[in-house]
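No hydrogens, no waters, no symmetry mates; every other heavy atom, side chains included, goes into these values.
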Amino acid sequence: MAVPLFGALSAVAVPAASAQPALAGPATEFTVLAKDAQSVASAQKAIRDAGGTVLATNSAVGLIKASAPATGFTERVTTNRAVFGAAKAQAIGSVPKSGKKVKSDNVEKEGRGAAAKKQAAANKAVGMDPLDDQLWGLKSVRSDLSRTKQAGSKQVKVGVIDTGIDGTHPDIAPNFDLAASRNFTRDIPTDVNGVEVDGPCEFRSCIDPANHDDGGHGTHVAGTIAAAANGFGVSGVAPNVTLVNIRAGQDSGYFFLQPTVDAITYAGDAGIDVVNMSFYTDPWLYNCTANPADSAAEQAEQRTIIEATQRALNYAHRKGVTMLVALGNQHTDLGAPLPDTTSPDYPANSTHPRTVDNSTCLNLPVEGNHTIGVSSFGPSQKKADYSNYGVEQISVSAPGGYFRDYFGTPWHRTLENQILSTYPKNVGIAEGNIDEAGNITPDGVTAGIKKATAADGRVGYYQWLQGTSMATPHASGVAALIVSQYGKKSHGEFGLDPAKVQRVLEGTAADIACPVPRTVDYLKEGRTAEFTATCEGDPSFNGFYGHGAVDAYAAVTRGSQYLK
């Protein structure tokens, strides 16, 4: 959310009006979306009749993975009325990863190169960990107070749909549920053109274990939600809840359609209470039903993305999953989107400019059904320059970091304005911030990488990032505390209806008024006029902060009034 977490479907063919085209080319993976739940069997037959082979089916959504020759298959299969759409299996979302051919992560890692200016000091407060004094976001959401009443219940499960979670990290391991965790991805060394995607497979079978993260993004998110309060390193907003890795992102940061949909529906099937989704679907920044700048095939592709995503979100919601989604880092009002100059961003060199019609274009999943959109602010509570905003999609706001905060003071452009959280050692080594012996390198020192060593020799690492991807886990942690405090058992399952969780989350959020004047530019911070934003609304609800800043203490002490 970081920033950008992104991805892409390949073109969906328009049904041929004449004879079926010949099948040709190497075996290729496709995703086929059935017209509806009742049409799955017919869609499977249509795949076979079109010359394909059914590999796997997500019956909850009607999304079918198939293999067929590279050309001719989509034209054939989409002539069948049981099929909504079909596409080559290509990425629909990505989290930037250093060293790979993916989108830039300049927003999240903007502070790299600015050495930390403050030294960590041990915090002796009960229930707090040694590095927590540097977690201004933890204090902003008042987790330090809320944990004296409710630190979270182990029976509450928070799913992280991301690049993975390093379940071996000393701050993650105490709360990590390996048995419930899943990896829905398979590493892809290179694409069909020989271009590196994920690079060499680290594990036999090219499937990473469910406690592994080669990107670092998911582990950072997980630490903010629920790093254990264990007298070591950092602690999370809800330090006693259970973390579940529901991985949908490739090592490179790309998200395939089938793994993404599988991850969302798995959250519903596995009894997950809260999911954190810090990504948006690609290759389209906005998925439009009929943008005139797009070809007929591209329009069909985007309609398929919209339909499949909405089905998955609806399914998870019906199953009791509260879904928190990053609002995005494109510094735009989602109700009045700027022209899209980045889509489609996959495959390479396919981008073309588009005017975005707000009524027919969706930024997904945040503009999908049943989602809670989270914007980002810095330590001064100023809206982060990169954060999306607008009264149409926003629900709440949370600490996400703002490197350029506090202009005109010594705090301006310091790493400590960002968010510190857990960092996988393997990623630190790959990025050159940690050496093979486990020492922080000079580059790591400049990046502000932290290292903690326990008395028994356990070692943990931590990095600074910023983005709406960092704001969303603060809100997810508060949502997990709400379920912990007010959840009940029903039909043998513990949980709380997502609508009730949202009412408490929004109702107990701390009001933040629009700035005066309402229009804010970031010119002195070094941004262009495109970043200028106008806040609409009043203190109880506005486009910068939604219903307000999430407040863990208020949620667990005053939330019951919103359940009546």
Side-chain angles (χ1 to χ4, degrees), residues 6-16 20-21 23-36 39-40 43-44 46-58 61-94 184-186 188 191-193 197 248 250 254-264 280-291 294-312 343-348 350 362 364-365:
F6 334 83
L9 267 175
S10 185
V12 179
V14 178
Q20 290 187 335
L23 298 175
T28 302
E29 187 176 297
F30 292 84
T31 52
V32 178
L33 185 63
K35 181 180 178 181
D36 50 43
S39 304
V40 173
Q44 291 172 328
I47 290 169
R48 293 189 289 268
D49 290 346
T53 301
V54 174
L55 301 178
T57 301
N58 185 318
V61 172
L63 191 66
I64 305 165
K65 182 166 66 174
S67 175
T71 59
F73 173 73
T74 54
E75 290 86 351
R76 287 185 174 206
V77 77
T78 52
T79 62
N80 192 294
R81 293 181 179 180
V83 174
F84 181 93
K88 288 182 179 178
Q90 311 244 21
I92 66 159
S94 65
F184 290 103
T185 69
R186 180 188 299 273
I188 303 171
D191 66 14
V192 293
N193 298 315
V197 179
Q250 302 295 137
Y254 288 106
F255 283 61
F256 284 86
L257 177 60
Q258 191 86 40
T260 301
V261 168
D262 286 347
I264 295 173
Y280 68 79
T281 54
D282 278 302
W284 307 95
L285 177 58
Y286 296 94
N287 289 277
C288 303
T289 58
N291 194 300
D294 301 330
S295 68
E298 289 172 332
Q299 292 174 5
E301 172 187 334
Q302 292 167 76
R303 290 194 294 269
T304 302
I305 295 173
I306 292 170
E307 180 68 16
T309 302
Q310 297 286 37
R311 289 186 194 179
S343 301
D345 57 14
Y346 188 98
S350 59
L362 295 176
L364 293 170

How long is the straight-line distance from [atom2] of [Y] back to [atom1] of [X], given to the nearest 0.5 Å?
X: Asp49; Y: Asn80; atom1: CG; atom2: CG; answer: 7.5 Å
X: Thr304; Y: Phe84; atom1: OG1; atom2: CZ; answer: 5.5 Å
X: Gln258; Y: Asn58; atom1: CD; atom2: CG; answer: 6.5 Å
X: Glu298; Y: Cys288; atom1: CD; atom2: SG; answer: 11.0 Å
X: Trp284; Y: Ile306; atom1: CH2; atom2: CD1; answer: 11.5 Å
X: Ile47; Y: Arg76; atom1: CD1; atom2: CZ; answer: 14.0 Å

Quick one: side chain to side chain contact (heavy atoms under 4.5 Å, CB included) partners of Ala263, sequence neighbours excluded?
-> Ile161, Phe184, Ile246, Ala248

Would you please name every residue forming a side chain to side chain contact (heavy atoms under 4.5 Å, CB included) with Gln299, sequence neighbours left out?
-> Ala290, Asp294, Arg303

Do Lys35 and Arg81 come within less than 4.5 Å of each other through their side chains, counting heavy atoms only?
-> no

Within a strict 4.5 Å, meaning less than it, do heavy atoms of the Leu362 and Gln310 side chains meet?
-> yes

Under the 3.5 angstrom rule, does the side chain of [X] hit a backbone N or O of [Y] as a donor-acceptor pair?
X: Thr28; Y: Pro26; value: yes
X: Thr71; Y: Ala24; value: yes
X: Thr185; Y: Gln250; value: no
X: Ser350; Y: Pro344; value: yes

Looking at every non-hydrogen atom in both residues, tell me the closest pair between [X] and [Y] and how far apart they are.
X: Gly62; Y: Val40; result: CA-CG2, 3.8 Å
X: Leu33; Y: Arg311; result: CD1-NH1, 3.5 Å
X: Val83; Y: Ala46; result: CG2-CB, 4.1 Å
X: Ala68; Y: Gly51; result: CB-O, 4.3 Å
X: Ile64; Y: Ala43; result: CD1-CB, 3.7 Å
X: Pro365; Y: Thr309; result: CB-CG2, 4.4 Å

Heavy-atom count around Arg48 CZ within 6.0 Å, excluding the residue itself: above 12?
-> yes

In chain order, what residues pass the salt bridge (charged side-chain N to carboxylate O under 4.0 Å, His left out) check against Asp36, with sequence neighbours excluded?
-> none

